[in-house]
Amino acid sequence: MATTAPPKDTAIEREAERWMNDPYEHFGYHNTRIHSLPREEVEAVQLAAMNLRLQERRGQVQMLAKLADAQDIQQVGTLEELAPLLMPHDIYKSYPQSLLAKQQYGKLNTWLNKLTRYNPEEVDVSQCDSIDSWLTKLRDDTPLDVGASSGSSGTCSFYPKSKRDYYLSMMGMRVQLAQKFGEEPKPGDIEDKIHAIIPLYKDGHASMGAFGKYSCEVFCKGDPDYWHYCFDFKLSSDLMWLAARLRAAAAKGDVSKVDVPPSLLARRAEWEAAQKAMPDQQLAFVNEMIDKLQGQRVFVMSTSNLLYAAAKRGLDEGLSGVFAPNSVFMGGGGAKGVPLPDDLEEVIEKFFNTKRMISSYGMTEMNSFSVLCEHDRYHVLPWVTPYILDLDSGQPLPRKGTQTGRAAFFDMTADSCWGGLVTGDVVSIDFDHQCECGRTSLAMDKKINRVSEISGGDDKISCAATPGAQAEAMEFLTGFGG
Amino acid sequence: MMAKRPISYAVLRGEVVETDLIEFGGRGGDITFLAPDPHKIADRIPLASPRLMEDMYSVPFEGILDYLAELGPRLELSKNPYMQEALEYSYDTAPSTKPIVDAFYHDLPFMFDKERIRKMVDFNIGIDHLEGWVEQQLNGCTVGIRAYGSRQLHIVAGNGPVLGALTIIRGAVTRGDMIIKVPSNDPFTTGAIARTMVDMAPDHPITKHLAVAYWRGGDEALESKIYQPHNIEKICAWGGFASVKHVTKYIQPGIELISLDPKRSASIIGKEALESPETMTEVGSRIAADFAPGNQVACSSSRLVYVMCGTEDEDIEKLKQLGQATYDAMIDLPEVISTKPKRYDPDLKRQVDTLRLTDDFYTVIGGKDGEGAILISHTSDRVEFWEYLGDRTINIIPVDTLDEVLDVVDAYTQTVGVWPDNLWDVVRHKGALHGGQRFVELGYGFNGAGLVGPQDGIEPMRRIVKWIVSEKPLADKVPLWGDTAKDVKMLA
């Protein structure tokens, strides 16, 4: 698929470099300007950035080199031509599971090394005896801050992002959430310290934990007095992984087959106890914050379900909170496969006395979050190129009209990894429609599904096991017998 | 000119229904087809009363065999326009390709061979149990047991067109009343067989005790009407997860579920396989014969192949050669047995392509053209997406010990292929304890007793009948009345 290089336009390349390096600084942290760029300009910069990144990263990220070599792609002439180089999210869990169970972090480093431009392989991890200690060591000794997440099948993904990636991600939140689109930035939207309320963990290697830490940097300007978290400890990736494996094993009917070190298995009770005590602690924490920070500008970040639970309990107990009107509440899907209650926004808005709770769409493997507008669309930041892939063929659908398919993205701000990602989500974009909210940026419909939820038909019966059937069957039959 | 729209005929107890047609299907690129509105015929699907089972007992077992033996040749494609039409439409709906579907249809009449069926019944149930009471003396009584036909609903799988025929044979020989809900990936074949039965013997009890129809699985209004204890006694659901899930809602006292659960199959191979190029060629052929037939749509198709060869570098090098031999053998299989899949699952393709990038841990042989692929693990780990393996894609995994293999044999395991013979006893015994249900010599998973045998651990034939007990006292049995009543020991 080799194509001839587009004529070199150094002005566009310089612009692309600015977007790639720190787009928020480049646009003066100006939310309205960011979402008002003309489409042609955006796409020209995106294309230039893709070629710059491809050139640079193929020498740094071995998996990308392999992929590009296999497809014989040296450079791309259109946005579509990059589609074969978007990496399936599965690549971040493509190591043999036994490496984790046997605590072979050195070998895992070798694997991770091929996915990032930094060099985890150079770090001596021979003394590490847990996922937490391994990832902490990498964080201490390299620019990396690897994002870990456990899936329902009992596997664990590792996305080797950098501290810079997290910083950009959090800055994107502040820029998009603290400023109302269409208005000039107010003094303090970016410079002031804002109280960050994180009804979760202080730290951790999963997004839910890591965001706590980076919100201190970006929202509180590093001032610990402005940084409020519920759990003064790290969300343990070891326990999350153990939980996922135990769930998967229980669904198969034999927990004794879980291949985890006994030291970790011994912490199961600890994890279960913590889980149990959590809702009460979170509620107490939220109540304390209401008491302490009345009338102040706050940034609250959590999963929608957690905010809902806190608000619901609060309302039941006759409480309600009053923060400053320019406070920001952000919830997110987060919990995989957990449906959101119908009265979600109503309950949260009533309890926190806020006009609007903002949702966003994003994932560990991307820096840039898409924020939901008043017209229920998730607006993609201009440094991100969204693709809609045909669910069957995996080929990119035309960038015109309304398209629905598997979401894929190229995020040019990715600092550590390649930035091209194929997700497991099904989204819709109307490429020709400019949103009524006034933003010129491309936007995804609010309704987002998982690919796994929509594939397969009821009547196509085959006696060969279908993926995930066991787990679902167990869940169903348990409920049925009740 | 409009092409003729395919119809999934309802055939209800000797009557072909082709009115009130409505459209179904059409998902995932399939064709749409017409079928009688199931709500309009819902009342005629179940047998009105258990009393109507009596006529089946006017036919002796030999008479049932005669009926089936006469039906078989009538299903020959060249003579049967219904089968011709069903075949034509099935190319679009079937999960496998034209040559394979052709072969299924070609071989289908031979399933009705009298002696084959006789042996099948005798092995699975015992003809004497169907023909009368099998009696013994026990505890001062003559106790007898007999297999009676039940009123049964079959939710049939669509992996291959033979499953409808097999269900009809099983139902007929057990004197059952059969309702067959046909699947959307095989909506035509069973109806064509039933139409042939109506032409052949419209008033015969076997014809009268067959109702074939299509409805969308999960049609709650319809199913809650039919799936009632006064209509049916047994539901035999093949293991599509969704279908079983829908059905469990209706299980209550009086309805028994025979669930042919979702299952997978595997192969367990000794290190001898890697001894020489000759053994690799032979074992590669045996592996291919156990996973590629019918393009791997069956639960008995192997998906994970464990080789007890160790995990050192030289072991992996040899394992790659075995993988290549397996790939070559797959490609060499005749097209009536296996072909390039109709449509390679795009999700699987994505996963296989991702695996290619991880060549420190895995070797991928083939798969670039959607023809199927051999995935060689370099560690004792199966691929992360092992649950999705299909479309002629297997994972060959090196292990050091048998225990590592047995860890992955579980309640969802159906067939286990074993080679060489020195592993047979230990794998069969230990594998059974772990959950394996059927053990075969590697290479004969599709070329043995198969569905004519007990199928797998579920034993559907033995379970679709009702086992009825009769007891009569012997002459010297002491009754529970009179002077001696107090001396009787009441033992459970």
Side-chain angles (χ1 to χ4, degrees), chain A residues 62-64 66-67 70 87-99 101-102 107 110-111 114-115 151 153-155 252-254 256-257 259 389-395 406 422 424 451-452 455-470 472-473 476-477 480-481, chain B residues 25 27-29 95 155-159 183-185 216-218 237-246 248-249 260-264 296-299 301 303 343 346-347 349-351 353-362 377-381 384-385 387-388 390 407 410-412 414:
Chain A
Q62 291 177 50
M63 291 275 192
L64 171 65
K66 200 170 280 179
L67 191 59
M87 285 186 186
H89 60 98
D90 319 80
I91 195 114
Y92 298 104
K93 54 178 177 181
S94 65
Y95 62 90
Q97 283 295 307
S98 64
L99 297 187
K102 293 176 185 157
K107 285 189 179 170
T110 308
W111 166 76
K114 297 182 174 176
L115 290 161
S153 57
T155 54
K252 279 191 67 190
D254 193 352
S256 72
K257 285 180 183 174
D259 187 15
L389 307 180
D390 184 275
L391 283 176
D392 270 353
S393 69
Q395 296 300 310
R406 185 189 285 273
V422 178
V451 175
S452 52
S455 54
D458 287 344
D459 289 311
K460 286 190 191 167
I461 301 171
S462 135
C463 59
T466 40
Q470 298 96 321
E472 272 185 74
F476 178 77
L477 290 173
F480 178 74
Chain B
R27 281 168 301 171
I155 298 167
V156 180
N159 321 28
S184 69
N185 45 352
R216 194 183 283 286
W238 291 70
F241 174 70
S243 77
V244 176
K245 183 167 163 170
H246 289 314
T248 51
K249 273 189 277 196
L260 298 169
D261 292 337
K263 284 182 287 284
R264 296 186 186 85
Q296 214 180 11
V297 294
C299 46
S301 309
R303 289 161 215 275
R343 167 186 175 273
D347 263 327
K349 175 89 165 59
R350 194 171 47 80
Q351 303 268 20
D353 287 343
T354 303
L355 211 65
R356 266 183 234 285
L357 300 176
T358 323
D359 54 9
D360 288 346
F361 303 125
Y362 302 98
S377 295
H378 300 179
T379 63
S380 57
D381 297 85
E384 201 264 336
F385 51 96
E387 289 179 295
Y388 294 77
D407 275 348
D410 60 25
Y412 300 96
Q414 192 210 45

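Just so it is clear: chains get the letters A, B, ... in the order the sequence lines come, proteins before strands, and each one is counted from 1. Model, not experiment: these values are computed from the prediction.
The distance from atom CG of D392(A) to atom NZ of K349(B), rounded to the nearest 0.5 Å, is 13.5 Å. With values rounded to the nearest 0.5 angstrom, T155(A) atom OG1 is found 12.5 Å from F385(B) atom CZ. If you take NE2 on H89(A) and CZ on R350(B), they are separated by 5.0 Å, rounding to the nearest 0.5 Å. Here the CD-NZ distance, from E384(B) to K93(A), works out to 4.0 Å after rounding to the nearest 0.5 Å. Taking OG1 from T379(B) and CG from L99(A), the interatomic distance works out to 6.5 Å, rounded to the nearest 0.5 Å.
Proximity of D381(B) to Y95(A): side-chain heavy atoms (C-beta onward) are nowhere separated by under 4.5 Å. Taking 4.5 Å as the limit, every side-chain heavy atom of K114(A) sits out of range of all side-chain heavy atoms of T358(B).
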Checklist entry - Would Q62(A) and L357(B) satisfy side chain to side chain contact (heavy atoms under 4.5 Å, CB included), going step by step from the backbone distance to the final call? => result CA-CA 9 Å; Q62(A) 291 177 50; L357(B) 300 176; over 6 Å; no
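With a 4.5 Å cut-off on non-hydrogen atoms, Q414(B) does not touch chain A at all. With a 4.5 Å cut-off on non-hydrogen atoms, Y362(B) touches chain A through its side chain but not through its backbone. Contacts between S380(B) and chain A at a heavy-atom distance below 4.5 Å involve the side chain alone, from C-beta outward.
Side-chain contact, T354(B) with D90(A): no donor N or O sits under 3.5 Å from an acceptor N or O.
Note on K107(A) versus D360(B): no salt bridge recorded, every NZ/NE/NH1/NH2 to OD/OE distance being 4.0 Å or above.
What you find for R356(B) and K66(A) is that their closest heavy atoms are O-CD, 4.3 Å.
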